[in-house]
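A short write-up of the structure that comes next.
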Amino acid sequence: MTSHGWTTADLCDAHPDRVRVAEAIFRDYGGSREFTGEISTVRVREDYRPILQALSEPGRNRVLVVDGGGSVSRAILGEKLLGTAQRNGWAGVVVNGAVRDTALTTLIPIGLRALGTIPQRGESGAHSARDEPVVFAGITFTPGGRLWADVDGIIVADGEL
């Protein structure tokens, strides 16, 4: 049991028919190793601006799940955006893409998971979508669902467990 009173392993064992387990493709780049919250989503293509717009809203302890299409050629989140997330009350961010400034993101006390790092910032201006289901890591992340992340991985469910 952790300081939050749960582990992803215990939740998987207790609710095997209700949880979906993300593939083990993410690395931990945040200052909090465990986080949970209601899911909000954004879909982008190498563009940080829609993410900044989302994280500028009140977070209410939610988790922003960013589908960056798995691109690791440009970073779509860094220390400035994660700082915005922390100031606005987000619990964490999961990025299907690359991030940067990770020497600093590890000092910000919220969760951050991503595929990898690259120093070049993205800003393609391509189409983005907000609060629609996104699919990556072998599962669907549905807005309004719930996400738990800890050192063992990431799981989601349609609601509280």
Side-chain angles (χ1 to χ4, degrees), residues 1-44 48-70 75-99 101-102 104-115 128-161:
M1 200 64 65
T2 65
S3 62
H4 287 94
W6 55 267
T7 68
T8 56
D10 287 344
L11 292 173
C12 284
D13 292 350
H15 307 281
D17 56 334
R18 294 187 54 205
V19 301
R20 299 181 299 278
V21 181
E23 295 169 348
I25 60 175
F26 298 100
R27 296 187 61 192
D28 185 359
Y29 298 107
S32 180
R33 304 216 48 202
E34 54 191 46
F35 57 99
T36 184
E38 181 182 323
I39 296 169
S40 180
T41 66
V42 65
R43 182 180 300 121
V44 300
Y48 72 91
R49 292 169 295 193
I51 302 166
L52 174 59
Q53 185 176 18
L55 294 174
S56 295
E57 300 171 359
R60 300 185 308 275
N61 290 313
R62 292 178 293 166
V63 175
L64 186 65
V65 176
V66 179
D67 185 359
I76 54 176
L77 187 139
E79 130 319 288
K80 291 178 183 173
L81 268 66
L82 197 63
T84 297
Q86 192 255 337
R87 284 189 302 280
N88 288 322
W90 290 84
V93 183
V94 175
V95 180
N96 182 30
V99 296
D101 305 318
T102 56
L104 298 172
T105 62
T106 58
L107 303 176
I108 299 171
I110 70 170
L112 174 60
R113 302 293 165 83
L115 299 180
S128 65
R130 182 74 197 278
D131 283 326
E132 296 177 355
V134 295
V135 180
F136 58 87
I139 62 173
T140 300
F141 297 86
T142 305
R146 187 137 189 115
L147 180 147
W148 294 262
D150 67 7
V151 295
D152 286 333
I154 297 172
I155 65 172
V156 299
D158 292 331
E160 284 288 348
L161 299 176

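Every heavy atom of this structure was used, including side-chain atoms; hydrogens, water molecules and symmetry mates were not.
Contact of the D28 side chain with the R33 side chain is registered, since non-hydrogen atoms from C-beta on lie closer than 4.5 Å. The closest side-chain heavy-atom distance from I51 to I76 is below 4.5 Å. Proximity of R130 to S40: side-chain heavy atoms (C-beta onward) are separated by under 4.5 Å at one or more points. With a 4.5 Å cut-off on side-chain heavy atoms, V93 and V99 do not count as touching. Inter-residue side-chain proximity for V63 and V94 is flagged as met; some heavy-atom pair is nearer than 4.5 Å. Taking the side chain as every heavy atom from C-beta outward, F35 and I110 never approach each other to under 4.5 Å. Contact annotation: the side chain of V65 approaches that of F136 to within less than 4.5 Å [non-hydrogen atoms, C-beta and beyond]. In this structure, the side chains of R18 and D158 stay at 4.5 Å or more apart for every pair of heavy atoms.
The main-chain N or O of P133 is never found under 3.5 Å from a side-chain atom of T142 such that the two would form a donor-acceptor pair. Side chain of T105 to main chain of Y29: a donor-acceptor pair is present (N/O by atom type, distance under 3.5 Å, no hydrogens or angles). Under a 3.5 Å cut-off, the side chain of W90 and the backbone N or O of L82 do not form any donor-acceptor pair. In this structure, N88 contributes its side chain and L55 its backbone to a donor-acceptor pair below 3.5 Å.
The CG atom of L112 sits 12.0 Å away from atom CD of E79, with the distance rounded to the nearest 0.5 Å. The line from CZ of R62 to OG1 of T36 is 13.5 Å long, rounded to the nearest 0.5 Å. Taking CG of D13 as the start and OG1 of T7 as the end, the distance is 7.5 Å to the nearest 0.5 Å. Rounded to the nearest 0.5 Å, atoms CZ (R20) and CG (L147) are 10.0 Å apart. L81 contributes atom CG, which lies 9.5 Å from atom CG of D101 (distance to the nearest 0.5 angstrom). Residue Q86 holds its CD atom at 7.0 Å from CD1 of I108, rounded to the nearest 0.5 Å.
Around the CD atom of E57, the shell of radius 6.0 Å holds more than 12 heavy atoms that belong to other residues, nucleotides or ligands.
The two residues I154 and A149 make their nearest non-hydrogen contact at CG1-CB, 3.9 Å. Of all non-hydrogen atoms in R113 and V151, the two that sit nearest each other are NH2-N, 4.4 Å. Between V156 and W148, the shortest heavy-atom distance links the atoms C-CZ3, 4.3 Å.
Donor-acceptor pairing under 3.5 Å is recorded for the side chains of T8 and D150.
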